Amino acid sequence: MLTDITLGQYFPGTSFLHKLDPRAKILGTLIFIVAIFFADSLASYGVVTAFVVLNFAISHLPIKLIAKSLKPLWIIIIFTMSIHVFSTPGEVLWQYGILHITQEGVYQGCLMTARLVYLIVFSSLLTYTTSPIVLTDGIEHLLNPFKRVGVPAHELAMMMTIALRFIPTLLEETDRIMKAQTARGANFTSGSLWQRGKNMIPLLVPLFVSAFRRAEDLATAMEARCYRGGEGRTRMNELAYTYRDAVAMTAVLVVTFILAAMRWFL
Amino acid sequence: MSIPMIKLDHMSHAYQDEEGKTVYAVKDISLTIEPGEFVAVIGTNGSGKSTLAKHFNVLLTPTGGACEVCGLRTDDPDNVWDIRQEVGMVFQNPDNQIVAAVVEEDVAFGPENLGVPSEEIKQRVSDALKRVNMTIYAKHGPHLLSGGQKQRIAIAGILAMQSHCIVLDEPTAMLDPVGRREVMETIRQLNAEGITVIIITHFMEEAVQADRVVVVNQGEVKMDGAPRSVFSHVDELKAMGLDVPVAAEIAARLREKGIDLPGDIITKEELGEALCRLS
Amino acid sequence: MYSHTARRQQPVSTKSLCMTAVCMAVVFMMTFMPRIPIPFGYAHLGDAVIFLLILFLPRRQAGFAASIGSAFSDLLGGFPIWILPTLVIKWVMVEIVFRMAAIPAAGERPSVLSMRMLLAFSVSALWMVIAYAGAGALLYGSTGAGLLMTPGLIGEGVINVAAAMAVGAALQKAAECF
Amino acid sequence: MSIKLDTVTYTYGVGSPFERTALHETSVEIHEGEFVGIIGHTGSGKSTFVQLLNGLIHPTKGVVTVDGTDISKKTKEVMAIRHKVGMVFQYPEYQLFEETIAKDIAFGPRNFGLSEDEIEERVREAMEFVGLDYDTYADRSPFRLSGGQMRRVAIAGVIAIHPKYLILDEPSAGLDPVGRREIFSEIQRWHKEKNITVILVSHNMEDISQMATRLLVLSHGNIVLDGEPLDIFSHRQQTLHDAGVSVPPVTEVLQYLQSKGFDISDRVHSVDEGVAAVYDCIRRMNHAH
Ligand SMILES: Nc1ncnc2c1ncn2[C@@H]1O[C@H](COP(=O)(O)OP(=O)(O)OP(=O)(O)O)[C@@H](O)[C@H]1O
Ligand SMILES: Nc1ncnc2c1ncn2[C@@H]1O[C@H](COP(=O)(O)OP(=O)(O)OP(=O)(O)O)[C@@H](O)[C@H]1O
Ligand SMILES: [Mg+2]
Ligand SMILES: [Mg+2]
């Protein structure tokens, strides 16, 4: 089988974070990401660091996952760092021609880099501890209140569920189509820009056709199973808040409040 | 007398083809299926089997005549959901009928649509999975299952709706021999538990397992009876482009050559016995 | 038996819901798996697929398929902080294509091989480049990071417009048969 | 001239947690002019095996050669041998993409650089071969055909390449008996008339026993049997059973009769031959009385 792609980044476990309600996790992550932007001093970065480290510790995830989530971004991280280090005016520490490093630059660069790293690590915590299916469920519930303003919460969730369900199937299909066309001498990798675009016809057309055929079959199968929209539907696994979620939300809000206070009132 | 599971009364269904001409896919069929029966429908590609089957679940309604399921007419829009709950369908492509990305969620899909409370759904799902012998796969992703297992999940999805009738449209066409056997075993067992089974198939080994075989050709029912009597018409079936079980074919050819064999042989055991009596 | 007292009409038909869902999956796949070799590695074809959604889906559904499909790619690929910007950017991309190509509410789809479509795709791609560079600058906290992303984004935009134009006509012919 | 596998191992997902060896140190040689049937349980490695034969996947270990050319690595040669080794995948109708049937069939020949005249010639020939009338069908859209017809167009698309070796991975899945027979009689004709080497993967033992001149049985990534089909079906039942496959239905009936004490040969290719064998046996019995 192809690597189990629908699980994405999910790293199964039973920690406090794994057990949190997805709604609490999504909201908490969003709030804390905003809160990270409040931090502007060494002290407030200390608070952020402590909170990120605490969360990582209670998630029981292996340390190497941090490295994994940062890996695709190391160029950007180094770049961010150097831009700040070299371009911030201030007390010069080192100079060579027009290049100079200032004390403020080093300071700013470190803070900015830290912010970037925390943003990535913290948002990855959400995807490491929650499977996409559970996330979808959480999103549906979070969108429910917006139904009144015309957000089709149930339909969106259903679409996401079906899309997740069909991703592995369509990946296999893509692989098969590519192999079949390759066997007929197709070439996906060379030629002019226009030619490369045209080369995609033997891949994309059958892929869409097959996707539509599947959509049609699936719609028939769903109606045969009494599907008719979200109204009056129940769910097997109802989401339920527990004391855990209350604890987690309180913690996030408290940290956010502290960070806001440190920025604007201290 | 009890109410028939399915009752077709001179039912027809016509499609419009590309040029807008009317083409009859099902023509004037009258057929009654009683609760608890195990019926196999055979016929060549394009003979109208799928069209017929879709009427049982109100995916199509007759363009002529009438179709009743459990005494409810399918052309009355008020009956649609009651009928769909009563008659479940399994389709040919195992990949294209699974909705959710986790097995148990998929089995729960039907009852969820019916508005069954959460606790009861859990119960029904675990029962249904047990009946198709898939309990250990409850938390798996469907893409990790074999074709035969996927079809059993589809069957479980119907059981969870507590339907009393299952219509299977070539459920084994895309499976390997092992998957085919698994699915047929499951179906036979469910029929023994009292569920009405209607199976469309191209495989004669499967048709002989039914209590009754209906042969459809060009939209009409050409034969209807016990497998034994239907498969004794070897030449007629072959003329329609259908296969017959090997033992039946051998027996028929030997009869043509003047060997005195009974006309209702369909298994190798029966052939063997009949030949033993000869000597 | 559970009774089914009259429920309201579904807002989206089951078939159109499924169509949107599989399109979402296709957008995801083509975004997630870079397939076309370009000088600095591989480009993905997600945006080409997004442009071509105009052939199959109504505007709103195309918006959902595009934005959520791409967001899935961020989610499953390990860039969760990009989810929010992606949702907005891709939604607007679809809006641009639909508004500029002036799709009538129902009926005939316009031909892909026209100046108008080319322009619509190009403007949409341009928005994508600017918006992602801007979002990059914001998220990574430096204009430099945004600038660093720009050449790659431009390359991707050009490839995707070309691929959409090249594939569009063939896809349109096939889609007529459904 | 032959396709040769020399201690070939193929592993999916090397280095990932999903690592799985689908073929173990397999050596086999397929000669020109053979009709090779390949059977085995699901996941036994049949599809993996045939994909190695035209360089769609490259061995993890070992060497694959086609007519003496090494295709084990991603090189230019692989492209060159693709028109020698044609491959029809399972459900090939899902790969159609062109506006018209003729254009779709022409895709392969065009990729291999034939002239327009040659291409048209090939398309005509291939369509005639699969029983689709050129004048009626050439300009129709392949998406408006029935499933069986689409399958034929797809097969024609591979045949038009004029491969020396033709690989078919379950070409008859999902067709009714008539459709299946039509496709196979065409393939067999191609094999005989043009002396094409055919490699057929199938779950249908009847098709194999009717056509194959050599049978390979795969089990858990190993070739466990290799020989004449009728020999294998009549003498190696236990090995077949262990490999999760069965004998053709006629053979099964005949072997049952044998077990009941009838003196019948189970070496038959088809039902007709089976009938003859039983008839023969009965006559002999009657004479003995
Ligand atoms: N939606 C449709 N529109 C027009 N014609 C149709 C439609 N569906 C089926 N038909 C036609 O109706 C006839 C019967 O089709 P049906 O699918 O019921 O056959 P079948 O017996 O199930 O065949 P198969 O064995 O291939 O599944 C065929 O001639 C087919 O072309
Ligand atoms: N793309 C892939 N990634 C990982 N593992 C794979 C992949 N394709 C096949 N496998 C594994 O390799 C083994 C052999 O697969 P293969 O497809 O060759 O079997 P097969 O004999 O063709 O089976 P079938 O009869 O089901 O077509 C199986 O265990 C399968 O799970
Ligand atoms: Mg059918
Ligand atoms: Mg295979």
Side-chain angles (χ1 to χ4, degrees), chain A residues 1-13 61-62 64-65 68 71 128 166-191 195-218, chain D residues 12-13 15-20 22 43 47 50-51 53-57 74 78-99 103-114 141-143 147 150 154 156-161 163 165-167 169:
Chain A
M1 234 359 99
L2 299 148
T3 51
D4 203 349
I5 200 154
T6 34
L7 286 180
Q9 306 283 103
Y10 180 54
F11 194 91
L61 294 170
K64 68 168 195 280
L65 283 183
K68 197 178 142 205
K71 207 165 132 206
Y128 282 138
F166 273 94
I167 284 167
T169 311
L170 289 177
L171 276 172
E172 246 175 78
E173 184 105 354
T174 309
D175 186 51
R176 190 160 52 228
I177 295 170
M178 282 187 92
K179 276 184 179 159
Q181 310 296 26
T182 310
R184 289 211 277 166
N187 183 346
F188 293 105
T189 55
S190 64
Q195 190 54 46
R196 280 183 207 191
K198 277 202 131 8
N199 287 345
M200 290 296 135
I201 295 177
L203 170 63
L204 282 181
V205 173
L207 185 63
F208 267 107
V209 168
S210 137
F212 294 163
R213 212 177 265 145
R214 290 179 192 280
E216 203 154 321
D217 282 5
L218 184 69
Chain D
Y12 285 101
S16 78
F18 303 92
E19 187 169 303
R20 181 172 185 123
S47 301
V50 293
Q51 285 177 31
L53 303 183
N54 73 343
L56 282 173
I57 53 179
K74 279 197 175 113
V78 177
M79 191 63 195
I81 63 100
R82 290 244 163 86
H83 71 271
K84 265 193 197 168
V85 188
M87 169 107 189
V88 178
F89 278 81
Q90 222 173 335
Y91 297 100
E93 58 271 30
Y94 291 154
Q95 297 132 29
L96 302 176
F97 64 94
E98 281 281 14
E99 281 164 55
K103 277 195 196 165
D104 206 288
I105 297 175
F107 181 67
R110 184 160 289 133
N111 283 330
F112 293 115
L114 297 184
S141 164
F143 298 111
M150 279 167 87
V158 175
I159 279 181
I161 302 169
Y165 303 91
L166 178 62
I167 304 173
D169 197 346

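Throughout, a chain's letter reflects where its sequence line sits, starting with A, and its residues are numbered from 1. Just so you know, these numbers come straight off a predicted model, no measurement behind them.
Atom CD1 of A/I201 sits about 9.0 Å away from atom CD of D/E99, to the nearest 0.5 Å.
For a residue to count as touching a neighbouring chain, one of its non-hydrogen atoms must lie under 4.5 Å from one of that chain's; by this rule D/L96 touches chain A with the backbone only. With a 4.5 angstrom heavy-atom cutoff, A/T182 touches chain D via backbone and side-chain atoms both.
Within the structure, side-chain hydrogen bond (donor to acceptor under 3.5 Å, both in side chains) pairs that include any residue of residues 82-95 of chain D comprise D/D67-D/K84, D/E93-D/R151 (at least two apart or interchain).
When all heavy atoms of D/F112 and A/G185 are compared, the pair lying nearest together is CZ-CA, 3.5 Å.
With sequence neighbours excluded, the residues satisfying side chain to side chain contact (heavy atoms under 4.5 Å, CB included) with A/K179 are A/D175, D/Q51, D/L56, D/I57, D/F89.
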Report the C-alpha distance between A/R184 and D/D104 in whole Å, list the side-chain angles of each, state the deciding distance to 0.1 Å, and finish with yes or no for side chain to side chain contact (heavy atoms under 4.5 Å, CB included).
CA-CA 11 Å; A/R184 289 211 277 166; D/D104 206 288; 3.1 Å; yes
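Side chain of D/N54 to backbone of A/A183: no donor-acceptor contact under 3.5 angstrom is found.
Considering only heavy atoms from C-beta on, D/F143 comes within 4.5 Å of A/V205 through its side chain.
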